[in-house]
Amino acid sequence: APQQQRGTAGLPESLVEVKSKFEAEYRRFALKRNCPGGFLEFYALLQSIHGIPGTDVQLGYADVHGDLLPINNDDNFHKAVSSACPLLRIIITKKGQTGDQALVCTTNSLQRRKKMLGRTGLRTSSSSIHPKSKGALMIGLPHNFRQISSIIDVDILPETHRRVQLHKHGSSKPLGFYIRDGVSMRVTTHGVEKLPGIFISRLVRGGLAESTGLLGVNDEILEVNGIDVAGKSLDQVTDMLVANSHNLIVTVKPADQKNNVVHRGSRHNSSPEGDIRPNPSDSDTETRTRRPAFKFIH
């Protein structure tokens with residue numbers, strides 16, 4: 001739990017003094033430098049201290065150069081705490097305050113911070129104080145960016161599998177890949193068997209799948225938004241992909257296993273029971289004789 005402090009004078013090195021600002025109100029408190037907790041705990045603490053429970057806010061902090069940086073996960077929260085020198089200054093704004101509106105909330109604080117850092121001999125960043133100066137590039141906080149892809153559930157999937165999430169956000173850009181039916185090599189109770197499978201056959205240049213680099217040709221599709229595709233036809237899998245195209249979560253077994261995430265402490269070249277590394281040559285030989293159909297996922 002945070003310990004209330006009145007100022008930096010006499011504060012032990014094991015503690016970091018925090019000064020947070022929301023609208024016109026300031027609060028001061030202290031955190032343990034070595035174990036400050038996590039981002040969500042800190043987020044809830046600020047909501048409680050400022051009396052704004054349930055209000056969606058975004059957090060930023062002033063680094064030693066006077067730049068306003070975001071706090072939105074455990075990593076940059078811990079970086080903010082560890083780099084506090086000697087005070088961690090937190091700027092809290094309501095979500096949805098972007099551009100000029102967010103700038104009004106932070107400009108005065110940044111100007112005062114520039115003067116303070118000037119007295120201590122620390123360098124300040126003119127671009128953070130005057131973001132609209134000629135030639136300056138304005139970059140919003142990360143919540144203003146639209147995430148288009150991510151790898152999820154790394155800790156619960158076998159090393160040979162990858163779960164990819166693709167977001168279209170109403171964009172007209174297609175997912176941009178073709179799928180085909182083929183043959184997958186699987187380890188069963190009867191040994192290694194060839195079973196029907198669905199594979200990515202081609203990526204469209206400029207499409208979402210190609211631009212993210214997370215899916216590849218000959219990757220086998222195992223699940224679509226949590227639904228196993230085993231035993232389903234090419235048409236059925238196509239319908240599943242199209243129906244979920246605006247927020248697609250697809251689990252694949254990549255043909256190129258060297259780029260897969262390796263869990264900590266795991267042995268290399270291991271594969272889970274019931275699965276073996278994909279053998280594109282086998283599936284290609286089989287599908288050439290069966291003249292497979294291809295479906296475009298848009």
Donor-acceptor pair between Arg33 and Ser14 side chains, under 3.5 angstrom: no

Ile151 side chain reached by Arg162 side chain, heavy atoms, under 4.5 Å: yes

Hphob cluster co-occupancy, Val57 + Ile49, side-chain heavy atoms under 4.5 angstrom: yes

Geometric class of the Phe22/His50 ring pair [parallel <30°, tilted 30-60°, perpendicular >60°]: perpendicular

Heavy-atom check, side chain of Asn244 versus side chain of Ile249, under 4.5 Å: no

Close side-chain approach of Leu215 and Val250, heavy atoms under 4.5 Å: yes

Heavy-atom donor-acceptor pair, Ser48 side chain to Ala44 backbone, under 3.5 Å: no

Heavy-atom side-chain contact between Lys194 and Met185 under 4.5 Å: yes

Atom pair OG1 (Thr212) and NE2 (His167), whose distance is rounded to the nearest 0.5 Å: 10.5 Å

Heavy-atom pair of closest approach, residues Ala209 and Gly176: CB-O, 4.3 Å

Spacing of Lys19 atom NZ and Phe29 atom CZ [to the nearest 0.5 Å]: 12.5 Å

Leu31 versus Phe42, closest heavy-atom pair with distance: CD1-CE1, 3.7 Å

Exam field: side chain His78 to backbone Gly37, donor-acceptor pair closer than 3.5 Å: yes

Approximate separation, where rounding is to 0.5 Å, of Leu234 CG and Gln236 CD: 10.0 Å

Asn73 side chain vs Asn76 backbone, donor-acceptor pair below 3.5 Å: yes

Closest approach of Asp228 to Glu223 (non-hydrogen atoms, all atoms of both residues): CA-CG, 4.0 Å

Minimum heavy-atom distance between Ile92 and Ser20, given as atom pair plus value: CD1-CB, 4.2 Å

Pairwise side-chain contact, Asn218 with Arg180, heavy-atom cut-off 4.5 Å (strictly under): yes

Cluster link Ile152 to Ile221, ILVMFWY, side chain under 4.5 Å: no

Distance (rounded to the nearest 0.5 Å) between Leu208 CG and Phe177 CZ: 9.5 Å

From Lys21 atom NZ to Arg28 atom CZ, the distance as rounded to the nearest 0.5 Å: 14.0 Å

Of Val81, Leu88, Asp74, the residue whose pairing with Pro36 passes side-chain contact (heavy atoms from CB on, under 4.5 Å): Val81

Verdict with supporting geometry, Ile71 and Ile90, side chain to side chain contact (heavy atoms under 4.5 Å, CB included): CA-CA 9 Å; Ile71 299 179; Ile90 302 295; 3.7 Å; yes

N/O donor-acceptor pair under 3.5 Å between Asp181 side chain and Ile198 backbone: no

Minimum heavy-atom distance between Thr55 and Tyr43, given as atom pair plus value: O-OH, 3.8 Å

Pro53 to Gly51 - nearest heavy-atom pair and separation: CD-C, 3.2 Å

Under 3.5 Å: donor-acceptor pair, side chain of Asn247, backbone of Asn225: no

Tyr61 and Lys79: CA distance, side-chain angles, deciding distance, side chain to side chain contact (heavy atoms under 4.5 Å, CB included) verdict: CA-CA 10 Å; Tyr61 76 99; Lys79 180 175 178 58; 4.2 Å; yes

Leu195-Val224 co-clustered via ILVMFWY side chain contacts under 4.5 Å: no

Close side-chain approach of Glu23 and Lys94, heavy atoms under 4.5 Å: yes

Atom pair CD/CG of Gln47 and Leu59 - distance to nearest 0.5 Å: 8.5 Å

Residue pair Lys32 / Leu15, side-chain heavy-atom distance below 4.5 Å: yes

Test item: Ile156 and Arg163 side chains (from C-beta on) under 4.5 Å apart, heavy atoms: yes

Evaluation steps, side chain to side chain contact (heavy atoms under 4.5 Å, CB included), between Glu193 and Arg186: CA-CA 5 Å; Glu193 294 186 358; Arg186 298 292 182 90; 5.7 Å; no

